[in-house]
Amino acid sequence: MTQNLGSNSYDTYIPPFTLQLLVENCIKHNIVSLEKPLYIAIYQEEDYLVIENNLQERKIPEPSTGMGLKNINQRYLHLTQKNIIITATDEKFTIKLPILYEHPNN
């Protein structure tokens with residue numbers, strides 16, 4: 001896992017357990033092995049915290065309710081009136097979380 005966060009990110013917030021849930025989802029839905037390592041990157045892009053992983057979906061998917069990302073999106077809508085951004089390509093899966101500042105006017 002790599003992270004590239006500037007010091008301006010240190011005074012920002014994310015809802016409790018959001019990052020943990022997203023990293024767990026990366027592991028749950030992808031092949032993770034020595035032959036096929038999973039790479040997870042966490043970085044800031046403009047006003048978003050980005051969590052990105054290489055996509056190597058399991059042949060037999062883990063059971064999923066699909067509620068995790070919906071729940072995170074509902075929390076962000078409640079706090080910021082902004083949706084999270086989900087992007088999937090053949091190579092990468094990316095989630096962009098709006099950055100939360102201590103003061104909503106920032």
Side-chain angles (χ1 to χ4, degrees):
M1 183 180 319
T2 62
Q3 73 164 351
N4 186 8
L5 300 173
S7 59
N8 60 337
S9 299
Y10 299 163
D11 292 327
T12 62
Y13 301 93
I14 61 172
F17 301 108
T18 300
L19 190 58
Q20 177 181 338
L21 178 64
L22 292 174
V23 171
E24 285 175 353
N25 276 352
C26 292
I27 296 165
K28 178 180 179 180
H29 295 291
N30 289 281
I31 296 169
V32 182
S33 69
L34 290 174
E35 296 80 28
K36 295 186 108 180
L38 180 66
Y39 297 101
I40 301 170
I42 301 171
Y43 58 93
Q44 183 176 344
E45 184 177 278
E46 297 174 2
D47 285 334
Y48 290 91
L49 179 66
V50 181
I51 297 85
E52 182 176 79
N53 64 277
N54 57 318
L55 193 59
Q56 42 197 35
E57 295 178 284
R58 294 174 181 263
K59 290 182 173 44
I60 302 172
E62 289 285 323
S64 176
T65 63
M67 294 304 297
L69 293 179
K70 289 178 187 174
N71 184 295
I72 290 172
N73 193 55
Q74 289 301 314
R75 287 190 247 169
Y76 271 90
L77 282 172
H78 176 72
L79 294 169
T80 68
Q81 290 74 50
K82 294 180 182 177
N83 285 299
I84 63 173
I85 299 170
I86 303 169
T87 309
T89 67
D90 289 339
E91 293 86 31
K92 289 185 181 178
F93 188 81
T94 305
I95 304 279
K96 293 184 179 182
L97 306 172
I99 291 178
L100 304 175
Y101 296 95
E102 183 174 4
H103 302 289
N105 297 335
N106 290 342

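Heads up: numbering here begins at 1 and tracks the sequence.
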Are more than 12 heavy atoms, taken from residues, nucleotides or ligands other than Glu24, located less than 6.0 Å from that residue's CD atom? yes
Given side chains that start at C-beta, do those of Tyr76 and Leu100 come closer than 4.5 Å, heavy atoms only? yes
Classify the side-chain pair Tyr101/Asp47 by whether it contains a donor and acceptor separated by less than 3.5 Å. yes
Does any N or O in the side chain of Asn30 come within less than 3.5 Å of the main-chain N or O of Cys26, such that one atom is a donor and the other an acceptor? yes
Between Asn53 and Asn25 (side chain of the first, backbone of the second, donor and acceptor by atom type, cut-off under 3.5 Å), is there such a pair? no
When you group the ILVMFWY residues by side-chain heavy-atom contacts below 4.5 Å and let the links chain together, are Ile72 and Leu77 in the same group? no
CG on Leu97 to CD1 on Ile86, rounded to 0.5 Å: 9.5 Å
Just do the side chain to side chain contact (heavy atoms under 4.5 Å, CB included) check on Ile85 and Thr94 with the steps written out, would you? CA-CA 8 Å; Ile85 299 170; Thr94 305; over 6 Å; no
To the nearest 0.5 Å, tell me how far Leu79 CG sits from Ile14 CD1. 11.5 Å
Side chain to side chain contact (heavy atoms under 4.5 Å, CB included) between Gln44 and Ile99: does it pass, once the steps are laid out? CA-CA 9 Å; Gln44 183 176 344; Ile99 291 178; 3.4 Å; yes
Glu35: which residues meet the side chain to side chain contact (heavy atoms under 4.5 Å, CB included) condition with it, sequence neighbours left out? Ser33
If Ile, Leu, Val, Met, Phe, Trp and Tyr residues are connected whenever their side-chain heavy atoms lie under 4.5 Å apart, and connections chain through other members, are Phe93 and Ile31 in the same group? no
Identify, with sequence neighbours excluded, every residue that meets salt bridge (charged side-chain N to carboxylate O under 4.0 Å, His left out) alongside Lys28. none
In terms of heavy-atom contacts, Arg75 and Pro15 come closest through NH1-CB, 3.8 Å
Donor-acceptor contact present, side-chain Asn73 to main-chain Asn83, <3.5 Å: no
With a 4.5 Å cut-off on side-chain heavy-atom distances among I, L, V, M, F, W and Y, is there a chain of contacts connecting Leu21 to Val23? yes
Is there a side-chain contact between Asp90 and Leu55, using heavy atoms and a 4.5 Å cut-off? no
Should Ile42 and Phe17 be counted in the same cluster of Ile, Leu, Val, Met, Phe, Trp and Tyr side chains packed under 4.5 Å apart? no
Hydrophobic cluster membership, with links at side-chain heavy-atom distances under 4.5 Å among I/L/V/M/F/W/Y: are Ile51 and Tyr13 in one? yes
Working to the nearest 0.5 Å, report the span between CG of Leu49 and NZ of Lys96. 11.5 Å
Treating Gln56 as the side-chain partner and Lys36 as the backbone partner, does any N or O pair qualify as donor plus acceptor under 3.5 Å? yes
Distance (rounded to the nearest 0.5 Å) between Glu52 CD and Thr89 OG1: 8.5 Å
Calculate, to the nearest 0.5 Å, the distance between atoms CG and CG belonging to Leu69 and Leu22 respectively. 6.5 Å
